[in-house]
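Okay, structure first, notes after.
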Amino acid sequence: MKADKTTLDRRSFLKAALLAGGGLILRFNWPVGNAVAAEKDHTAPATLNSYIKIHPDGRVTLFNPNPEFGQNVKTSLPMILAEELDVSWDSVQVEQADFFPEHFERQFTGGSQSIRRAWPILRTAGATARQMLMLAAAQRWSVPLDEISTATGSLYHKQSNLKLSYGEVASAAAQIPVPKNVRLKTVADFKIIGSSKRNVEIDNIVTGKPLFTSDYKKEGMLIAMIVHPASFGREITSIDDRAVRQMPGIKDVFTIEPLLRDYKKNGFDVFSYGQIAVIVGNSTWEVMQAKKKLILQLSGPTGNAQNGKPDFLESTGRHYAAMEQASTQPAQVKRRDGDPESAFKTAARIIERTYTAPFLVHNTMEPVSCFADVRADHAELYAPIQAPEFITKTLSARLGLPKEKIKINLARMGGGFGLRAYGHHVVEAAVISQKIQAPVKLMYTREDETTYGIYRPSYSATYRAALDENNQLIGFHIKAGGIPESPLHENRFPAGAIENYLAETWSIPSAITVGAFRAPGSNFIACAEQSFLDELAYEMKKDPLDFRLELLKRAKERPVGQRNDYDADRYAGVIQLLKDKAANLARPARTGRGTAAYFCHNTYAAALVDIGVKNNEPYVTQALAVMDCGIVINKDAAINMAEGALIDGIGNALYGEQLFKDGVPLKSNFNTYRMIRMHEAPAKIEVHFVENQDNPTGMGEPLFPPTFGAVANALFDHTGKRYYRQPFVKQSGEKS
Amino acid sequence: MNSIRINKKEYTVDVDKEMPLLWFLRDYVGLTGAKYGCGVAQCGACVVHLDGEAVRACVTKMKRAIGKEVTTIEGLSENGDHPLQLAWKDVDVPQCGYCHAGQIMSAAVLLRERPTPTDQDIDDAMAGNICRCGTYSRIRKAIHQAAELQKQKG
C-alpha cells in the first residue's frame with residue numbers, strides 16, 4: 001500500500017476547455033468515497049463533477065463537492081489538488097458544490113472515506129493541469145518540455161531565464177489535448193500536503209456569517225415544525241388542532257406521511273413514524289408556542305409478527321433483561337477457527353465478562369433544519385445532508401418529480417456524526433412545501449431531534465477466554481449483539497491471533513430507530529474488546545500493551561484464518577509508538593492511566609487517558625493519541641479531529657445515554673442529556689502520527705472507539721473497579 | 001418605549017414581548033450569528049451581550065431586552081478583529097463551527113472581566129457552552145492567546 005503512481009485512465013475522467021473570459025478549466029470526476037453504496041466505475045465520463053479553474057490573472061478556483069460537517073474536507077481535499085498543481089495555497093479559492101444528481105452521483109461524507117477515495121483522483125487531476133500548463137509554456141518558448149519546471153503557480157525555463165505565470169498560459173493550455181501520462185510528485189516533494197492550512201471558512205465562522213441551513217432565509221418563506229408521537233411503536237390516529245389554529249401567526253396544521261405507503265426504502269431512509277403532525281406559521285417562536293398546544297391521539301403498539309417489531313412498548317429495563325438473556329443463548333456463528341469448544345472444555349481457567357452500552361443520541365449542535373421550495377415542475381432545497389444522492393431518489397418518488405428537477409444546495413452542517421446521512425427532514429420539508437405551495441424552512445427543536453430517534457443502538461458483548469494451566473491463552477469467544485443490530489466484526493483483532501476462536505452474533509428487534517453514529521458498531525465493540533484484553537492481561541499478569549503486541553506478533557507470523565481485517569504491523573506500530581510516547585508523559589498524581597488501540601475505517605488509532613476522581617466524578621487530566629492514517633494531508637486539522645475524537649469519546653463514555661419508558665425517550669434536551677463540557681475536557685492533549693508514505697485514510701471516526709476503551713481501562717487502573725456498563729458516570733436517581 | 005439597540009443600530013420591537021431575543025434577532029432582524037441549540041439555556045450557542053453581560057438569548061424575553069444594548073457576534077468587532085476572533089483564527093479552533101459564535105461571546109465577557117484568565121477562570125466562564133465536536137482544548141488555548149493579544153494592544 002505505498003503511495004501509488006498514476007493508474008487512472010485520464011482520457012475518460014478528465015476534460016479540458018477554455019474558460020469563459022479566458023483561462024483553463026479542467027473538469028474531472030471527484031468520486032467522493034462511499035462505503036455504503038455499491039461501487040460504481042468512477043471513471044465513467046458522464047460524471048465529470050468537479051473542476052480546477054486557472055484564471056488569466058493567476059487565481060485558481062477549486063471545486064469541492066463534499067458535504068462539510070466539520071471534518072475539514074473543504075480545506076483538506078483541495079490541498080491535494082493544489083499540491084500536484086504546484087500553486088501557492090494563498091492563490092486558491094474553494095467553492096462548495098450544490099447538489100445536482102446528474103452531476104454528483106456519489107457525494108457522500110461518512111465512513112471516514114473522503115480523503116481515502118479522493119486521493120488518487122485529485123492528485124492526477126492536479127498533475128494533469130500542471131502538465132498542460134507546462135506543455136503550453138514549452139510551445140510558447142519552443143523549448144523541450146523536460147527543461148520546464150514549476151513552482152508556486154509559475155513556469156520556468158531556467159536555461160534562458162524565462163518565466164510565465166500559470167494565468168498567462170492558461171488559455172493556451174486549454175487548447176492542448178489532455179495528456180495521457182503525467183508524473184505525480186514524490187512524497188518528499190510535497191510542500192502543501194503535510195503542512196497545516198487553516199479552515200477556509202474560518203473568517204465566516206468567527207464573524208457569525210450565515211453558513212448553516214438554519215440561517216437560510218428566502219422571501220415569502222414560512223416556518224414549519226413537526227410534532228411526532230411521544231412514544232416509539234405508536235402512531236398518530238388523529239390530531240386535535242382547535243387551540244393551535246387560534247394562535248397568532250399560525251397558517252396551517254396538518255399531518256403528513258413522509259413516505260408513500262408502498263415505497264421501498266433504501267439504506268438511508270430511516271423514518272421513525274409513518275405519520276407526523278406539522279404546524280406552519282410565520283415565525284419560529286410562534287410555531288414553537290403552537291407546538292405545545294397540539295394534541296395527538298396515538299395508537300397502541302403497532303408491532304406484530306408481520307413487521308417484526310415488538311407488540312409492547314419498550315423500556316430500558318426490559319431492553320437490558322432481553323440482552324442479558326440473549327447473551328446466554330446460542331447465537332448465529334459468524335466465525336470459527338480451530339476447535340474453540342474443546343479449548344474451553346480443557347481450559348484450566350475461563351474468564352468471562354459482559355459489557356453493555358445504552359442508546360446514544362448524536363446531539364449535533366445544530367438541530368435539524370431544511371429549506372424546501374417545491375413547485376409544480378421543480379424543487380430547490382437547502383439541506384444539511386451527508387448523503388444527498390440517497391435521499392434524492394426518495395424525494396423524487398415522493399414528490400413525483402424527476403431526479404434532475406430536484407436541486408439540493410449543500411449547506412455547511414452544524415455537526416453530522418452519522419445522523420446527517422439520514423434525510424427524513426429533507427423529505428418532510430419537501431412534502432410540507434409541496435402541500436402548502438410555499439417555500440418553507442423546517443426547524444426541529446432540540447427536543448424533537450433528541451426524541452425522534454435514529455440513535456446509536458444499545459449493545460452487549462460477552463467475552464470468554466480459555467487459559468491453560470500455564471496461563472496461556474488457548475481459546476477466545478465473543479458473543480455480541482444489540483437492539484436492534486449487532487456490533488460484531490468477527491474478522492477484527494484478536495481474530496487471527498488465537499488458535500481457537502469463536503464469534504457469534506444476535507440481535508433483538510425494536511421499534512426504536514437507529515443509524516450510523518461516529519464509527520458505527522466500533523464505537524461500542526472497541527470499548528468492550530479493549531476492556532477485556534486489559535482484564536485478560538491483568539489476570540495473566542502481563543503488561544496490557546505488551547500482551548496486545550504479543551498477539552499481533554502471532555497474527556503476523558502465523559495468522560489464524562484467511563479473513564483478518566487488519567495489518568498486524570501497522571496495528572503494532574500505533575501501540576509501540578503509544579508505548580514510547582506514554583513513557584515520556586508523566587502521569588499526574590492521584591490519577592490512573594488507561595490505554596487502548598483499535599483499527600476501523602482504514603486507520604489505526606491508539607488512545608491514552610489519565611483519569612482521577614473528585615467528588616465521585618471522574619475527570620480526565622490529559623490524553624494522548626497515536627494515529628496511523630498514512631500520509632497526513634492537513635496536519636493541524638488532523639490534530640484537531642483527533643483532539644475532538646478524544647474529547648467526544650471521553651464524554652460519551654462517561655455520560656452518554658438515552659433511556660426509555662413505555663417507548664418514550666426520557667432525555668430530551670441538554671438539561672437531562674449530559675454532554676462533556678469545558679471543565680471536564682482534558683486540559684492537555686498530545687497527538688502523534690506514525691510517519692509513513694502509505695495512502696492517506698480518514699480521521700473522523702477511527703480514534704473515537706478506542707477512546708472509550710482507554711477511559712474504561714484508566715478507571716480500572718485508578719479505582720480498581722471494572723466498569724462494565726456505559727455510561728460510566730451514573731446519573732442522579734439511577735442505581736449503578 | 002419599544003426600541004432596542006442591536007450592534008449600535010436602533011430597532012423598533014413590534015413582536016410579542018414574551019418572544020425570546022434569539023428569535024427576534026434571527027427571524028426579524030436577520031442576524032443569524034447567534035445560534036439555536038437547545039432553547040433552555042444549556043448549550044450557550046445563542047450567547048449575546050445584553051448591556052455588556054453574557055446572556056442566553058434563547059431564554060431572554062424581549063420584555064427584558066427592550067431599552068437595552070445588544071451585541072451579537074456580528075457586532076463584536078468592526079472588522080472581525082477582536083482579539084478572540086484573531087486568536088480563534090490563529091489556533092484554527094472550529095470543526096463544524098456551529099457553537100463558536102456563542103463560545104466567543106462568552107469568552108469576550110470573561111476577557112473583559114479577567115484580562116488574564118486562569119484555566120480555572122476559563123472552566124468557570126465556559127462551562128455553559130457545549131461543543132460536541134470537542135474543540136475545548138483549542139478554545140482554551142485561543143482564550144489564553146487572546147488575553148496576550150489584548151495585553152499587547154493595551
Side-chain angles (χ1 to χ4, degrees), chain A residues 68-72 196 198-199 201-212 214-215 217 223 248 283-286 288 362-367 412-417 443 445-447 636-637 640-641 643-648 651 669-671 675-679 681-685, chain B residues 15-16 18-20 22-24 26-28 30-40 42-43 45 72-74 76-77 80 82 84-86 88-90 92-101 104 119-120 122-140:
Chain A
E68 171 70 72
F69 58 65
Q71 76 289 36
N72 220 1
S196 296
R198 199 169 288 166
N199 186 331
E201 211 74 89
I202 186 79
D203 287 344
N204 293 328
I205 291 170
V206 301
T207 53
K209 295 283 185 310
L211 293 170
F212 301 92
S214 48
D215 302 336
K217 193 169 189 177
I223 299 290
S283 80
T284 315
W285 172 246
E286 288 167 324
M288 267 183 175
H362 292 82
N363 292 314
T364 56
M365 291 311 295
E366 179 185 32
R412 188 179 183 86
M413 286 173 266
F417 308 108
M443 298 276 291
T445 61
R446 171 61 58 194
E447 289 82 359
D636 190 55
N640 195 348
M641 288 302 292
E643 292 168 348
L646 284 168
I647 291 173
D648 191 19
N669 205 326
F670 299 134
N671 49 357
M675 304 280 286
I676 191 167
R677 291 173 185 269
M678 173 65 84
H679 60 286
K684 185 181 172 196
I685 297 180
Chain B
V15 300
D16 184 348
E18 293 294 310
M19 181 183 290
L22 176 66
W23 298 113
F24 183 71
R26 292 185 59 87
D27 282 358
Y28 294 87
L31 291 171
T32 54
K35 301 299 187 211
Y36 168 69
C38 69
V40 292
Q42 289 289 319
C43 79
T72 71
I73 185 76
E74 291 95 336
L76 181 65
S77 65
H82 185 282
L84 283 163
Q85 289 168 314
L86 296 177
W88 237 255
K89 288 195 244 186
D90 192 58
D92 207 6
V93 175
Q95 286 184 31
C96 87
Y98 192 77
C99 72
H100 288 284
I104 290 171
D119 275 344
Q120 184 65 48
I122 293 172
D123 281 351
D124 295 344
M126 303 303 291
N129 289 78
I130 297 174
C131 171
R132 157 112 213 241
C133 298
T135 62
Y136 295 121
S137 47
R138 285 182 182 238
I139 292 171
R140 184 184 301 281

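Just so it is clear, the values below take in all heavy atoms, side chains as well, and ignore hydrogens, waters and symmetry mates. In the text below, chain A, chain B and the rest are named by the order of the sequence lines, each starting its count at 1.
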- Under the 3.5 angstrom rule, does the side chain of A/Arg677 hit a backbone N or O of B/Ala127 as a donor-acceptor pair? yes
- Item | Partner chain A: residue of B/Val40, B/Leu84, B/Leu76, B/Thr135 with the largest heavy-atom pair count (under 4.5 Å) | B/Val40
- Structural part of A/Ile685 lying under 4.5 Å from a heavy atom of chain B: side chain
- Note on the structure: Cut-off 4.5 Å, heavy atoms of chain A, and the answer for B/Tyr36 is both
- Just wondering, do A/Pro367 and B/Tyr98 contact through their side chains at under 4.5 Å, heavy atoms? yes
- Query: How long is the gap from CG on B/Asp27 to CD on A/Glu286, to the nearest 0.5 Å?
  - Reply: 9.0 Å
- Message: Can you confirm whether A/Asp203 sits close enough to B/Gln85 that some side-chain heavy atom of one is under 4.5 Å from a side-chain heavy atom of the other?
- Response: no
- Within a strict 4.5 Å, meaning less than it, do heavy atoms of the B/Asn129 and A/Met678 side chains meet? no
- Message: Would you say that B/Lys35 contacts A/Met365 through its side chain, given a criterion of any heavy-atom pair below 4.5 Å between the two side chains?
- Response: no
- Message: Contact between B/Arg138 and A/Asn640 at the side-chain level, heavy atoms closer than 4.5 Å - yes or no?
- Response: yes
- Message: Do B/Tyr136 and A/Pro682 have side chains that approach each other closer than 4.5 Å (heavy atoms only, starting at C-beta)?
- Response: no
- Are A/Arg446 and B/Cys43 side-chain neighbours, meaning at least one heavy-atom pair lies under 4.5 Å? no
- Is it the backbone or the side chain of B/Leu22 that comes under 4.5 Å from a heavy atom of chain A, or both, or neither? neither
- If one checks every heavy atom of B/Lys89 against chain A at 4.5 Å, the contacting part turns out to be both
- Examine whether an atom of A/Asn671 lies under 4.5 Å from a heavy atom of chain B, and if so say whether it belongs to the side chain, the backbone or both; otherwise answer neither. both
- Message: Here's a test for you: under side chain to side chain contact (heavy atoms under 4.5 Å, CB included), which of B/Ile104, B/Ile73, B/Val93 qualifies with A/Val206?
- Response: B/Ile104
- Message: Looking at B/Asp119 and A/Lys684, is any side-chain nitrogen of the basic one under 4.0 Å from a carboxylate oxygen of the acidic one?
- Response: no
- The interface call for B/Asp90 against chain A, heavy-atom contacts under 4.5 Å, is both
